[in-house]
Amino acid sequence: MPNFSEHLGLSAVVSAGMYFGMCRYYGRQPALGELLVSGGIGIAAGAAPDIFEPATDPNHRALGHSVALGTALTKFAIINCSPENSSWEEFVKIAVAVATVSYLAHLIADALTPKSLPLVGRWG
């Protein structure tokens, strides 16, 4: 199972990559301040699954670590982070995309372990 520091490192890399990708997508110049904020958002989002469901035992993965939540977050980001969404500022859309990708990176790392991820969550 990836440990907390591995998740944080993965989140930092993924969030920086997504920030630069979204800047290119929107045709804007990257800014150091935005990159740092995006990194913080990404690290927090990448840690979120284990904050919601701490790894106190091997079967800790429930809804916060599920394929269903990852799918819902992806759909939310695709709809709301598009250029057609004029009700959100560009940096807000970038921040949501960064948070989503960082959360998904955590889920993907956990999915590659022997315990994998539950489809929806654990019952009982």
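Since the structure is predicted, the reported quantities are computational estimates derived from the model, not experimental observations.
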Over all atoms of both residues, closest heavy-atom pair of [X] and [Y]:
| X | Y | result |
| --- | --- | --- |
| N85 | I79 | CB-O, 4.4 Å |
| S15 | S102 | CB-OG, 3.6 Å |
| H7 | D50 | CD2-OD2, 3.6 Å |
| G64 | P49 | O-CB, 3.9 Å |
| C81 | A97 | SG-N, 3.8 Å |

Is [Y] reachable from [X] through a run of hydrophobic residues whose side-chain heavy atoms are each under 4.5 Å from the next?
| X | Y | answer |
| --- | --- | --- |
| V98 | L35 | yes |
| L107 | L119 | yes |
| V37 | W88 | no |
| Y25 | V14 | yes |
| M22 | V92 | no |

With a 3.5 Å distance limit and no angle check, can you tell me whether [X] reaches the backbone of [Y] through a side-chain donor-acceptor pair?
| X | Y | value |
| --- | --- | --- |
| Y19 | L36 | no |
| H106 | G46 | yes |
| K93 | N80 | no |

Rounded distance (nearest 0.5 Å) linking atom [atom1] of [X] with atom [atom2] of [Y]:
| X | Y | atom1 | atom2 | answer |
| --- | --- | --- | --- | --- |
| S38 | I43 | OG | CD1 | 11.0 Å |
| S5 | L10 | OG | CG | 11.5 Å |
| L73 | I78 | CG | CD1 | 11.0 Å |

- [ ] Could you note down all residue pairs passing salt bridge (Lys or Arg N to Asp or Glu O under 4.0 Å) where residues 68-83 supplies at least one of them, sequence neighbours left out?
- [x]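 The answer is none; no pair qualifies.
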TODO: Kindly state each residue pair satisfying salt bridge (Lys or Arg N to Asp or Glu O under 4.0 Å) with at least one member in residues 21-43, sequence neighbours excluded.
DONE: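 The answer is R28-E34, R28-E90.
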Given side chains that start at C-beta, do those of [X] and [Y] come closer than 4.5 Å, heavy atoms only?
| X | Y | value |
| --- | --- | --- |
| R61 | T113 | yes |
| L69 | Y103 | yes |
| I94 | M18 | no |
| F76 | V96 | yes |

- [ ] Could I get the full list of side chain to side chain donor-acceptor pair (under 3.5 Å) partners for T74, not counting sequence neighbours?
- [x]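 None.
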Open item on the list: Atom CZ of residue position F52 - does it have more than 12 heavy atoms of other residues, nucleotides or ligands inside 6.0 Å?
Closed with: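 Open.
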